[in-house]
Amino acid sequence: QLQLVESGGGLVQPGGSLILSCSATGFTLNEYNIGWFRQAPGKGREAVAYITHSQGGGVPFYRDSVKDRFSISRDSAQNTAFLQMSSLKPEDTGVYYCAPLVRGGSWIDQRAYDYWGQGTQVTVSS
(Lines give C-alpha, C1' and ligand atoms only; values in the text may rest on other atoms or scores of the structure.)
Protein backbone atom coordinates (compact mmCIF):
# COMPACT_ATOMS: atom_id res chain seq x y z
CA GLN A 1 0.00 0.00 0.00
CA LEU A 2 1.49 3.30 -1.09
CA GLN A 3 2.08 5.77 1.72
CA LEU A 4 3.91 9.08 2.00
CA VAL A 5 4.88 10.92 5.16
CA GLU A 6 6.14 14.49 4.98
CA SER A 7 8.13 15.95 7.85
CA GLY A 8 10.63 18.65 8.72
CA GLY A 9 8.44 21.74 8.66
CA GLY A 10 8.36 24.37 11.35
CA LEU A 11 8.48 28.05 12.19
CA VAL A 12 11.45 29.97 10.80
CA GLN A 13 12.37 33.61 10.39
CA PRO A 14 12.75 35.18 6.94
CA GLY A 15 16.10 34.20 5.50
CA GLY A 16 16.14 30.92 7.38
CA SER A 17 16.43 27.38 6.07
CA LEU A 18 14.59 24.08 6.38
CA ILE A 19 14.94 20.61 4.91
CA LEU A 20 11.70 18.76 4.30
CA SER A 21 11.58 14.97 4.03
CA CYS A 22 9.16 12.71 2.20
CA SER A 23 9.38 9.13 3.38
CA ALA A 24 7.81 6.58 1.03
CA THR A 25 6.50 3.09 1.71
CA GLY A 26 4.81 0.63 -0.60
CA PHE A 27 6.78 1.65 -3.69
CA THR A 28 10.30 2.41 -4.80
CA LEU A 29 10.55 6.17 -4.83
CA ASN A 30 13.32 6.38 -7.44
CA GLU A 31 11.08 4.67 -9.99
CA TYR A 32 8.67 7.62 -10.02
CA ASN A 33 8.79 11.28 -10.86
CA ILE A 34 8.23 13.09 -7.57
CA GLY A 35 6.62 16.47 -7.06
CA TRP A 36 6.61 18.84 -4.11
CA PHE A 37 3.55 21.05 -3.73
CA ARG A 38 2.47 23.66 -1.24
CA GLN A 39 -0.80 25.22 -0.21
CA ALA A 40 -0.90 28.63 1.40
CA PRO A 41 -3.86 29.67 3.57
CA GLY A 42 -6.83 30.44 1.35
CA LYS A 43 -4.95 29.40 -1.78
CA GLY A 44 -4.90 26.39 -4.04
CA ARG A 45 -2.18 23.79 -4.09
CA GLU A 46 0.73 24.83 -6.32
CA ALA A 47 3.71 22.93 -7.69
CA VAL A 48 7.04 23.90 -6.14
CA ALA A 49 9.63 21.41 -7.36
CA TYR A 50 9.87 18.17 -9.28
CA ILE A 51 12.44 15.49 -10.01
CA THR A 52 12.27 12.79 -12.66
CA HIS A 53 12.75 9.12 -11.85
CA SER A 54 16.17 7.51 -12.06
CA GLN A 55 15.58 6.23 -15.60
CA GLY A 56 14.77 9.81 -16.54
CA GLY A 57 18.04 11.05 -15.14
CA GLY A 58 16.80 12.59 -11.89
CA VAL A 59 16.37 15.98 -13.56
CA PRO A 60 14.98 18.71 -11.29
CA PHE A 61 12.45 21.42 -12.11
CA TYR A 62 11.35 24.41 -10.03
CA ARG A 63 8.78 27.13 -10.14
CA ASP A 64 10.44 30.46 -10.88
CA SER A 65 9.92 31.94 -7.43
CA VAL A 66 11.97 29.22 -5.71
CA LYS A 67 14.46 28.04 -8.34
CA ASP A 68 17.47 29.84 -6.83
CA ARG A 69 16.58 28.98 -3.24
CA PHE A 70 15.18 25.43 -3.17
CA SER A 71 16.78 22.13 -4.09
CA ILE A 72 15.00 18.80 -4.59
CA SER A 73 16.81 15.50 -4.14
CA ARG A 74 16.35 11.81 -3.31
CA ASP A 75 18.16 9.20 -1.26
CA SER A 76 17.48 5.76 -2.68
CA ALA A 77 18.84 3.97 0.39
CA GLN A 78 16.31 5.78 2.58
CA ASN A 79 13.56 5.69 -0.06
CA THR A 80 13.08 9.35 0.77
CA ALA A 81 12.80 12.59 -1.16
CA PHE A 82 13.96 15.93 0.21
CA LEU A 83 13.29 19.58 -0.37
CA GLN A 84 16.08 21.82 0.87
CA MET A 85 14.86 25.38 1.32
CA SER A 86 16.99 28.43 2.01
CA SER A 87 16.53 32.20 2.04
CA LEU A 88 12.95 31.59 3.05
CA LYS A 89 10.37 34.32 2.56
CA PRO A 90 6.98 34.87 4.17
CA GLU A 91 5.33 33.96 0.88
CA ASP A 92 6.85 30.47 1.19
CA THR A 93 4.46 29.81 4.08
CA GLY A 94 2.12 26.89 3.55
CA VAL A 95 1.54 23.18 3.97
CA TYR A 96 4.02 21.23 1.87
CA TYR A 97 3.17 17.90 0.26
CA CYS A 98 5.02 15.38 -1.86
CA ALA A 99 3.49 12.97 -4.35
CA PRO A 100 4.50 10.53 -7.10
CA LEU A 101 3.39 11.29 -10.63
CA VAL A 102 1.06 8.43 -11.57
CA ARG A 103 -1.18 9.71 -14.39
CA GLY A 104 1.21 11.46 -16.71
CA GLY A 105 0.91 15.02 -17.90
CA SER A 106 2.52 18.22 -16.74
CA TRP A 107 4.40 18.13 -13.46
CA ILE A 108 2.57 21.23 -12.30
CA ASP A 109 -0.85 19.63 -12.75
CA GLN A 110 -2.20 18.36 -9.44
CA ARG A 111 -4.52 16.01 -11.34
CA ALA A 112 -1.51 13.89 -12.34
CA TYR A 113 -1.03 12.84 -8.71
CA ASP A 114 -3.28 10.47 -6.75
CA TYR A 115 -1.32 9.92 -3.54
CA TRP A 116 -0.52 12.55 -0.92
CA GLY A 117 0.80 12.51 2.59
CA GLN A 118 -0.55 14.53 5.50
CA GLY A 119 1.67 17.47 4.64
CA THR A 120 4.07 19.42 6.83
CA GLN A 121 3.53 23.03 7.86
CA VAL A 122 6.14 25.64 6.97
CA THR A 123 5.67 29.07 8.52
CA VAL A 124 8.06 31.90 7.66
CA SER A 125 7.52 34.87 9.94
CA SER A 126 9.46 37.35 12.01
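We number each residue from 1, following the sequence as shown. This structure is a prediction, so every number in the text was calculated from the model and none was measured.
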Trainee: Any salt bridge (Lys or Arg N to Asp or Glu O under 4.0 Å) pairs touching residues 17-28, not counting sequence neighbours?
Mentor: none

Trainee: Scan residues 22-126 for pairs that pass disulfide (SG to SG under 2.5 Å), counting only residues two or more places apart or in two chains.
Mentor: C22-C98

Trainee: Given a cutoff of under 4.5 Å between side-chain heavy atoms of I, L, V, M, F, W and Y, with clusters grown through shared members, what are the other residues clustered with I72?
Mentor: L2, L4, V12, L18, L20, F27, L29, Y32, I34, W36, V48, I51, Y62, V66, F70, L83, M85, L88, Y96, V102, Y115, V122, V124

Trainee: Which pair of heavy atoms, one from G119 and one from V95, lies closest together, and at what distance?
Mentor: CA-CG1, 3.8 Å

Trainee: Kindly write out the residues that satisfy side-chain contact (heavy atoms from CB on, under 4.5 Å) with S23, not counting sequence neighbours, or none if the list is empty.
Mentor: T80

Trainee: Run through the side-chain heavy atoms of Ile, Leu, Val, Met, Phe, Trp and Tyr, join any pair under 4.5 Å, and report what else lands in I19's cluster.
Mentor: F82

Trainee: Provide the full list of salt bridge (Lys or Arg N to Asp or Glu O under 4.0 Å) pairs with a residue in residues 69-87, sequence neighbours left out, each pair given once.
Mentor: R69-D92

Trainee: When the ring planes of Y113 and Y50 are compared, do they come out parallel, tilted or perpendicular, using 30° and 60° as the limits?
Mentor: perpendicular

Trainee: With sequence neighbours left out, which residue pairs that include part of residues 45-62 fulfil the salt bridge (Lys or Arg N to Asp or Glu O under 4.0 Å) condition?
Mentor: R38-E46, E46-R63

Trainee: Quick one: side chain to side chain donor-acceptor pair (under 3.5 Å) partners of D114, sequence neighbours excluded?
Mentor: R103

Trainee: Could you name each residue pair satisfying disulfide (SG to SG under 2.5 Å) that touches residues 40-84, not counting sequence neighbours?
Mentor: none

Trainee: Please give me the minimum heavy-atom distance between N30 and S76, naming the atom from each residue.
Mentor: ND2-CB, 2.8 Å

Trainee: List the residues meeting side chain to side chain donor-acceptor pair (under 3.5 Å) with S87, not counting sequence neighbours, and say none if there are none.
Mentor: none

Trainee: Please give me the minimum heavy-atom distance between A112 and G104, naming the atom from each residue.
Mentor: CB-O, 3.2 Å

Trainee: Could you work out, with side-chain contact (heavy atoms from CB on, under 4.5 Å) as the rule, every residue matching S106, not counting sequence neighbours?
Mentor: I108, D109

Trainee: Applying side-chain contact (heavy atoms from CB on, under 4.5 Å), name anything that partners Q118, two or more places apart in sequence or on another chain.
Mentor: V5, E6

